[in-house]
**Q** 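I'd like to ask you about the structure that follows.
Since the model is a prediction, treat every value here as computed from it, not as a measurement.
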Amino acid sequence: MAVSEPAGPRRPWDTARSRIDGVAGMFLVFDDRSSDSPFVERVWCCHSEHAGRFLSIASSHWEMVVTRHKGRTTLTVRGPETKATAIDCPAEGEWLGIRFRLGTFMPQLPVANLLDRQDVNLPGATGRSFWLNGSAWEYPDFENAEAFVARLVKRGVIARDRAVEDALRGVYSALSIRSVQRHFLQATGMTHSTFRQIERARYATNLLKQGVSILDTVHEAGFFDQAHLTRSLKHLIGQTPAKIISQEEQLSFLYKTTPSR
């Protein structure tokens, strides 16, 4: 889901080839970077080595994703996911994703309406642009994602609810706990409890992929016991702990996180 670039395009995933070399079942090559934007959590890109099926794992963040496949470019607004879903992926596809910080939202497109793959594809304007709120916008790329988002913010297309940041830090200021919870649900499309469950499952998955034992993962990620870990990962990641350790099946974009309890 990435856009084409001028002559001599930079292919960030070239530096990430080692992530899939020699790993059976892996056909998506990812690269990503963090962001210093108050609205953007991370920017990622990837391409498919061949067609295949992967598990789109639970995620608490919404994204804008640019897809380029067979000469066609599309921008999709993709919501959070509260469960794992098996997805078919085409060969020779390229993707760019802008993952937004929790609390960032589009006032005219509630996050709750996008939940669990109720994605919205924005209409194309030209081969290099798309329509959004009555204006044509040029597709972003890996380098200018923050500048693109800054323009959206300036035009009021994207906003941020600071009450969500307060909830994440456990600070409620002048708002009651119930008010903050309501703000959290409206801005993110999910409850704070669901967010914590998703982040804990993703953290546990990273631990297992790094070689941490199942029992140590139970303790480190804050699960009650191994059965609790297994139930959570099967629902949110789509695999048991043992399957995650074997790394036999392709997962969607996953990066290192800190535990959220």
**Q** So which heavy atom on Ala187 is nearest to which on Asp161, and how close?
**A** CB-CB, 4.1 Å

**Q** Under the rule for side-chain hydrogen bond (donor to acceptor under 3.5 Å, both in side chains), what residues qualify as partners of Glu138, not counting sequence neighbours?
**A**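 side-chain hydrogen bond (donor to acceptor under 3.5 Å, both in side chains) check on Glu138 returns Arg128.
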
**Q** Answer yes or no: is there a donor N or O on one side and an acceptor on the other, between the side chain of Arg99 and the main chain of Val43, under 3.5 Å?
**A** no

**Q** On a heavy-atom basis, which atom in Trp131 and which in Gly124 lie closest, and how many Å separate them?
**A**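 It is CD1-O, 3.4 Å.
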
**Q** So, Thr230 side chain and Gln226 main chain: donor-acceptor pair closer than 3.5 Å or not?
**A**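 Yes: the side chain of Thr230 pairs with the backbone of Gln226.
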
**Q** Only one of Leu75, Thr74, Thr76 forms a side-chain contact (heavy atoms from CB on, under 4.5 Å) with Leu122, so which one is it?
**A** Leu75

**Q** Should Val157 and Tyr139 be counted in the same cluster of Ile, Leu, Val, Met, Phe, Trp and Tyr side chains packed under 4.5 Å apart?
**A** yes

**Q** Could you tell me if the side chain of Ser59 sits less than 4.5 Å from the side chain of Arg202, heavy atoms only?
**A** yes

**Q** Sort and list the pairs that fulfil salt bridge (Lys or Arg N to Asp or Glu O under 4.0 Å) and have at least one residue in residues 183-193, not counting sequence neighbours.
**A**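 Found none.
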
**Q** Is there any salt bridge (Lys or Arg N to Asp or Glu O under 4.0 Å) pair reaching into residues 228-242, and which pairs are they, with sequence neighbours excluded?
**A**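 Output for this query is empty, none listed.
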
**Q** With sequence neighbours excluded, give me every salt bridge (Lys or Arg N to Asp or Glu O under 4.0 Å) pair touching residues 116-126.
**A**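 Every salt bridge (Lys or Arg N to Asp or Glu O under 4.0 Å) pair that includes a residue of residues 116-126, provided the two are not neighbours, is Arg78-Asp119, Glu81-Arg117.
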
**Q** We want to know whether Asn133 and Gln108 form a side-chain donor-acceptor pair, criterion being a heavy-atom distance below 3.5 angstrom.
**A** yes

**Q** First locate atom CZ of Phe30, then atom OG of Ser252, and finally report the distance between them rounded to the nearest 0.5 Å.
**A**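 Between atom CZ of Phe30 and atom OG of Ser252 there are 6.5 Å.
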
**Q** Is there a path of hydrophobic side-chain contacts, each under 4.5 Å between heavy atoms, that joins Val120 and Val111?
**A** yes

**Q** What residue pairs, at least two apart or across chains, pass ring pair (Phe, Tyr, Trp, His ring centres under 6.0 Å) with a residue in residues 61-91?
**A**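 Qualifying pairs, neighbours excluded: Trp62-Phe100.
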
**Q** I want to check something: taking the side chain as every heavy atom from C-beta on, are Phe39 and Val153 in contact at a cut-off of under 4.5 Å?
**A** yes

**Q** Would a distance-only check, ignoring hydrogens and angles, find a side-chain to backbone donor-acceptor pair under 3.5 Å from Ser232 to Leu229?
**A**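 Side chain of Ser232 to backbone of Leu229, a donor-acceptor pair under 3.5 Å: no, none is there.
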
**Q** How many angstroms lie between CD1 in Ile237 and OG1 in Thr205, if you round to the nearest 0.5 Å?
**A**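 Ile237 atom CD1 to Thr205 atom OG1 measures 3.5 Å (nearest 0.5 Å).
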
**Q** Is Ser48 close to Leu28 at the side-chain level, that is, under 4.5 Å between some pair of heavy atoms?
**A** yes

**Q** Among side-chain atoms of Arg68 and Thr73, is any donor-acceptor pair under 3.5 angstrom?
**A**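 Judged by distance alone, the side chains do pair up.
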
**Q** Is any side-chain heavy atom of Phe148 less than 4.5 Å from a side-chain heavy atom of Asp141?
**A** no

**Q** Locate the shortest heavy-atom distance separating Gln250 from Arg53; write the atom from each residue and the value.
**A**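 Shortest heavy-atom contact: CB-O, 4.4 Å.
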
**Q** When rounded to the nearest 0.5 angstrom, what is the spacing between NZ in Lys83 and CG in Leu236?
**A**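 Going from NZ on Lys83 over to CG on Leu236, the span is 11.5 Å.
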
**Q** So which of Thr240, Ile57, Leu208 actually passes side-chain contact (heavy atoms from CB on, under 4.5 Å) with Leu233?
**A** Leu208

**Q** Heavy-atom distance under 4.5 Å between the side chains of Met106 and Leu132, does that happen here?
**A**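 When only atoms from C-beta onward are counted, Leu132 and Met106 do touch, with a gap below 4.5 Å.
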
**Q** Do Leu152 and Trp137 have side chains that approach each other closer than 4.5 Å (heavy atoms only, starting at C-beta)?
**A**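 They are in contact (side-chain heavy atoms under 4.5 Å apart), so the answer is yes.
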
**Q** How about Arg155: does its CZ atom have over 12 heavy atoms from other parts shown lying under 6.0 Å from it?
**A**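 Result for CZ/Arg155: open.
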
**Q** Is the number of heavy atoms from other residues, nucleotides or ligands within 6.0 Å of CD (Gln118) greater than 12?
**A** yes

**Q** Only counting residues at least two apart or in another chain, list the ones meeting side-chain hydrogen bond (donor to acceptor under 3.5 Å, both in side chains) with Asp36.
**A**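 Testing Asp36 for side-chain hydrogen bond (donor to acceptor under 3.5 Å, both in side chains), a comparison that skips the adjacent residues, returns none.
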
